[in-house]
Amino acid sequence: MTATNLRARVRAEMTDEIKTVARRHLATDGANLSLRAVARDLGMASSAVYRYFASRDELLTALIIDAYNAVGDEAERAVAEQETPLGMWLAAGHAAREWALANPHEWALIYGSPVPGYAAPRDTVEPATRFMLLLGATLAKANVTGGIADRPPLTGRFAEELAAIAGAYFPELTARIIADTIAAFFQICGAISFELFGQLNNTIEDDRRGFFDYQLRSAARLAGLTE
């Protein structure tokens, strides 16, 4: 191994260790991360941590990107095992929920309240859209086989904006299907957050997975998925 490769490996390992400690701080401090606190836990000087992450926001961005990608990875693995569009849809949703239950503080970081003073950079956009685009790909597959119910088309400026989105990602889908995909995505993420943040307490206690499955199927119908 060359000296350059060794330095790169050490840097990657140290970066991962910093992020691991920062994730533990999410559990106790929320998104109120402190590089000094992370450095203290690592037994490092603050100046040493700044060589890896120039600011709290840069560290937050790394954690946010990792979390979005982790949700996307889990959903994509689950979908790969399915054959029908509805099976893909349900698998993606359940995979996202299971990841959220296992990583509640990271889910809160990406789908909870905005972090005061933090503005997400452009490089968070692609990871953030992976789960939603997976739902869109499911509907695109269903659309090929006639598995999307006919609904009245959308009109107006709203429809024009959605048509532009369709053109960028799924040219074969109508603005109506894109609108329903986005609405369903919001419904699914909202259902996960409501459960995670305690809104089902004293209401649905014994079979929350079953209730979530019901909501997934409702979201599928909203999106026009008929099979």
(message) Does this structure show an ion pair linking Arg130 with Glu126, if we count only N-O contacts that are shorter than 4.0 Å?
(response) no

(request) State whether the side chain of Ser218 and the backbone N or O of Tyr214 hold a donor-acceptor pair below 3.5 Å, judged by distance alone. (result) no

(request) Examine distances only and state if a side-chain atom of Gln82 and a backbone atom of Val79 form a donor-acceptor pair shorter than 3.5 Å. (result) no

(message) Taking Leu173 as the starting point, is it possible to reach Met88 by hopping between hydrophobic residues whose side chains are less than 4.5 Å apart?
(response) no

(request) Check the pair Leu139, Phe170 against side-chain contact (heavy atoms from CB on, under 4.5 Å), reporting the backbone distance first and the verdict last. (result) CA-CA 10 Å; Leu139 296 184; Phe170 300 106; over 6 Å; no

(request) For residues Ser55 and Leu35, report the shortest heavy-atom separation together with the two atoms involved. (result) C-CD1, 3.6 Å

(request) Examine distances only and state if a side-chain atom of Lys141 and a backbone atom of Gly147 form a donor-acceptor pair shorter than 3.5 Å. (result) no

(message) Counting neighbours of CD on Glu83 that are heavy atoms of other residues, nucleotides or ligands and sit closer than 6.0 Å, is the number greater than 12?
(response) no

(request) Is it possible for you to say whether Phe185 and Leu222 belong to one hydrophobic cluster, with membership spreading through side-chain heavy-atom contacts below 4.5 Å? (result) no

(message) Quick check on Asp150: does its CG atom have over 12 non-hydrogen neighbours (other residues, nucleotides or ligands) under 6.0 Å away?
(response) no

(request) Kindly indicate whether the side chain of Leu42, heavy atoms from C-beta on, has any atom under 4.5 Å from the side chain of Met14. (result) yes

(request) Working to the nearest 0.5 Å, report the span between CG of Leu216 and CG of Leu225. (result) 11.0 Å

(message) Let's go through Tyr118 and Ile64 carefully: what are the C-alpha distance in whole Å and the side-chain angles of both, what is the deciding distance for side-chain contact (heavy atoms from CB on, under 4.5 Å) to 0.1 Å, and is it a yes or a no?
(response) CA-CA 12 Å; Tyr118 173 79; Ile64 288 167; 3.6 Å; yes

(request) Examine Phe186 and Leu200 and state if one hydrophobic cluster contains both, with Ile, Leu, Val, Met, Phe, Trp and Tyr joined whenever side-chain heavy atoms are less than 4.5 Å apart. (result) no

(request) Could you check whether the rings of Trp99 and Trp107 sit parallel, tilted or perpendicular, using 30° and 60° as the cut-offs? (result) tilted

(message) Tell me if a side-chain donor or acceptor on Arg23 pairs with a main-chain N or O of Leu63 at a distance below 3.5 Å.
(response) no

(request) Of all the heavy-atom pairs spanning Tyr68 and Ile110, show the shortest one and how long it is. (result) OH-O, 3.3 Å

(request) Taking the side chain as every heavy atom from C-beta outward, state whether Phe194 and Thr203 have any atom pair closer than 4.5 Å. (result) no

(request) Kindly work out whether a path of hydrophobic side-chain contacts (I/L/V/M/F/W/Y, heavy atoms less than 4.5 Å apart) joins Leu26 to Ile65. (result) no

(message) Could you check whether atom CZ of Arg36 has more than 12 heavy atoms from other residues, nucleotides or ligands sitting under 6.0 Å from it?
(response) no

(message) In the structure I gave you, are the side-chain heavy atoms of Arg217 and Leu86 within less than 4.5 Å of one another anywhere?
(response) yes

(request) Say whether Val115 and Leu33 are linked into one hydrophobic cluster, either directly or through other cluster members, by side-chain heavy-atom distances under 4.5 angstrom. (result) yes

(message) Quick check: do Ile188 and Phe131 have side-chain heavy atoms less than 4.5 Å from each other?
(response) yes

(request) First locate atom CD of Glu160, then atom OG1 of Thr155, and finally report the distance between them rounded to the nearest 0.5 Å. (result) 9.5 Å

(request) For residues Gly93 and Phe212, report the shortest heavy-atom separation together with the two atoms involved. (result) O-CE2, 3.4 Å

(request) First locate atom CG of Leu154, then atom CD of Glu161, and finally report the distance between them rounded to the nearest 0.5 Å. (result) 11.5 Å

(request) Could you grab the distance from atom CD1 of Ile178 to atom CD1 of Ile165, nearest 0.5 Å is fine? (result) 7.5 Å

(request) Would you name the heavy atoms of Ala223 and Asp180 that are closest together and state the gap between them? (result) CA-CB, 3.6 Å

(request) Please round to the nearest 0.5 Å and tell me the distance separating atom CG of Asp213 and atom CG of Asp207. (result) 9.0 Å

(request) Give the minimum heavy-atom separation between Ala92 and Leu134, together with the two atoms involved. (result) CB-CD2, 4.0 Å

(request) Test Glu195 against every option in Gln215, Arg97, Arg209 by the side-chain hydrogen bond (donor to acceptor under 3.5 Å, both in side chains) rule and name the one that passes. (result) Arg97

(message) Within the structure provided, determine whether Phe53 and Ile18 are in side-chain contact (heavy-atom separation under 4.5 Å).
(response) yes

(request) Over all heavy atoms of both residues, which pair between Thr124 and Pro121 is shortest? Give the atoms and the distance, please. (result) OG1-O, 2.8 Å

(request) Kindly compute the distance separating CG (Leu60) from CG (Asn32), expressed to the nearest 0.5 Å. (result) 9.5 Å

